[in-house]
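This report refers to the structure that appears directly beneath it.
Every chain is numbered from 1 and lettered A, B, ... according to where its sequence line falls, protein lines coming before strand lines.
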There are 2 protein chains.
Amino acid sequence: MSAKQFSSVWLREPRKATSPGRSREEIVGAAMELLDQEGLSGLSMRKLGAKLSSGATSLYWYVANKDELLELAYDEIWAEMTLPDPEDSGWRDAASGLAHSMRQVMLRHPWSADLLGRMPALGPHALLIADKMRRMFKLAGFGGLEIDYAGATLTGYVFGMTLPEVAWNAAMADQDYDADEMRASVVKAAAQFPDILERIDMDTYDDPRAVREMCFDFGLVSVLDGLERRLVT
Amino acid sequence: MSAKQFSSVWLREPRKATSPGRSREEIVGAAMELLDQEGLSGLSMRKLGAKLSSGATSLYWYVANKDELLELAYDEIWAEMTLPDPEDSGWRDAASGLAHSMRQVMLRHPWSADLLGRMPALGPHALLIADKMRRMFKLAGFGGLEIDYAGATLTGYVFGMTLPEVAWNAAMADQDYDADEMRASVVKAAAQFPDILERIDMDTYDDPRAVREMCFDFGLVSVLDGLERRLVT
DNA sequence: ACCTGAACACCGTTCAAGT
DNA sequence: ACCTGAACACCGTTCAAGT
């Protein structure tokens with residue numbers, strides 16, 4: 001009874017969209033620009049205020065706090081994800097399409113990787129994808145809780161595989177690093193581990209982008225095969 | 001040439017461990033206590049200083065900055081993970097054991113979920129696990145880059161699946177929520193989506209712990225089956 | 001060699017006051 | 001109804017100064 005209400009922007013009525021002054025959409029749009037340019041830590045209420053040439057604290061009229069603002073921006077991320085119609089192409093292709101789309105969105109908006117899996121996804125765009133994904137797995141032949149298990153497995157894989165990629169990109173971006181130096185560093189750290197050193201000698205460091213993509217596909221095919229196997233037994 | 005060196009605690013010589021005064025171990029230990037108690041956002045250099053009854057800035061003698069301190073604490077996380085010897089039990093049981101161990105560590109130290117996948121894992125304990133995992137997948141029959149792909153797939157899955165669980169626990173912890181209220185909230189948010197509503201009616205909300213565990217195992221078996229399939233083709 | 005406090009440049013958020 | 005600035009309670013980090 002005493003429990004604090006679970007709180008989320010999506011559970012409160014939005015403020016009436018009266019014409020004058022700023023609007024939520026405008027604020028969220030500006031926030032996303034800032035996030036894309038400077039990352040999660042680059043978004044502060046003060047900077048955002050400045051960008052909209054208003055006081056930082058004026059934003060609190062439209063948004064309860066920074067977390068709710070992030071919830072709003074976060075839902076926009078889900079709007080960019082696409083799930084092909086499984087009736088057309090079959091569930092495997094649809095699932096694969098969603099997976100690649102999620103990965104691309106994360107790579108395009110690195111800050112989304114800081115929110116995915118951490119923040120409740122109760123916005124309309126997130127729910128739409130969740131709904132489509134449930135229908136996809138039902139069509140594949142899953143029933144009951146397994147529909148949700150399959151969904152969690154797929155999104156869990158994509159997220160867990162892509163996050164390190166995003167983090168790596170970020171680290172490289174603000175260091176404009178040198179491939180050989182990097183390799184030498186890792187060799188130094190891993191000096192005691194012959195199996196790891198063996199790997200470093202491979203061509204991994206030469207075209208990291210291509211290797212990442214192959215790694216993602218390898219894992220994705222494995223996950224889909226594994227899910228498919230649940231259907232026959 | 002101009003490139004900033006890739007920087008990590010593990011690439012610098014540690015300060016000589018002279019007897020007097022504080023030590024790195026002591027500082028990292030205190031940091032981990034603070035992290036376990038108050039989470040990542042609960043760790044500040046000032047609080048940590050107070051805990052060690054010294055000025056916040058004294059810590060900078062032992063550690064270049066907060067990030068390096070986190071790198072040190074992060075490696076301790078890897079020390080808690082166990083990988084059964086695949087020679088004894090076969091690679092599938094070993095992989096499964098590692099996966100469950102990773103999950104338990106994340107649940108025990110929720111702050112580690114904020115670091116996993118984001119922070120370079122170049123500490124000795126992390127490398128030891130990476131090395132063991134490579135050997136495990138070699139023994140399974142993988143070769144070349146596929147050894148790494150398999151490893152990335154397994155750890156990606158575990159991490160991506162467990163992170164939302166950790167986040168959920170955290171949200172619930174500081175709200176000591178009410179199950180029915182929660183359910184009602186989600187119903188409200190998902191009002192437009194019949195497929196999602198259908199799921200909410202299921203028993204998911206009654207024993208979330210058990211459901212989480214089943215979900216994790218369902219996905220894990222799928223991933224392992226999918227990896228096994230890569231071996232036969 | 002080790003530790004200190006003051007200082008700098010930031011945060012999110014509250015709130016009384018303005019229009 | 002909307003916006004403001006001052007103020008509060010925090011941050012990480014630098015640096016000159018102490019022992």
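Base-pair partner of C/dG18: D/dC2 (Watson-Crick or G-U wobble, both distances under 3.5 Å). Under the Watson-Crick and G-U wobble criteria, each requiring two contacts below 3.5 Å, nucleotide C/dT13 is paired to D/dA7.
Between A/Ser54 and D/dC3, a side-chain N or O to OP1/OP2 separation shorter than 4.0 Å is absent. Proximity of B/Trp61 to the phosphate of C/dC2: a side-chain N or O atom is located under 4.0 Å from OP1 or OP2. For the pair A/Tyr62 and D/dC3, the criterion of a side-chain N or O lying under 4.0 Å from OP1 or OP2 is met.
In this entry the distance linking CG of B/Asp67 with P of D/dG12 reads 11 Å, nearest Å. Taking atom CG of B/Asn65 as the reference point, atom C1' of D/dG12 lies 9 Å away to the nearest angstrom. The CG atom of A/Leu34 sits 10 Å away from the P atom of C/dC11 (whole-angstrom rounding). Distance CZ (A/Arg22) to C1' (D/dT4): 11 Å, rounded to an integer number of Å. For the pair B/Leu70 CG and D/dG12 C1', the interatomic distance rounds to 12 Å; values are reported in whole Å. Across the protein-nucleic acid pair, B/Lys47 atom NZ and D/dG12 atom C1' stand 14 Å apart, rounded to whole Å. In this structure, A/Leu48 atom CG and C/dG12 atom C1' are separated by 13 Å, rounded to whole Å. In this structure, CD of A/Glu38 is placed 14 Å from C1' of C/dC10, rounded to the nearest angstrom.
Across all strands shown, B/Ser44 has heavy atoms under 4.0 Å from sugar-phosphate atoms exclusively, and none from any base. Among the atoms of the strands shown, none is found under 4.0 Å from any heavy atom of B/Leu69.
The cationic atom of A/Arg22 (NZ for Lys, CZ for Arg) does not lie both less than 6.0 Å from the six-membered ring centre of A/Tyr62 and within 45° of the ring axis.
For B/Thr57 and C/dG5, a side-chain-to-base donor-acceptor distance below 3.5 Å is present, hydrogens and geometry of angles not being considered. Donor-acceptor pairing under 3.5 Å, judged by distance alone, is absent between the side chain of B/Arg46 and the base of D/dC10.
When each of A/Ala56 and B/Met45 is assigned the nucleotide of DNA chain D with its nearest heavy atom, A/Ala56 is the one assigned upstream, toward the 5' end.
Taking atom C1' on both nucleotides, D/dA9 is separated from C/dA9 by 16 Å, rounded to a whole Å.
A donor atom on one side chain and an acceptor atom on the other are not found under 3.5 Å apart for A/Glu76 and A/His109.
Panel note: side chain B/Tyr157, backbone B/Leu220; a donor-acceptor pair is recorded below 3.5 Å. Checked by atom type and distance alone, the side chain of A/Glu80 never pairs as donor or acceptor with a backbone atom of A/Val105 at under 3.5 Å.
Salt bridge absent: A/Arg199 and A/Asp195 never bring a charged side-chain N and a carboxylate O closer than 4.0 Å.
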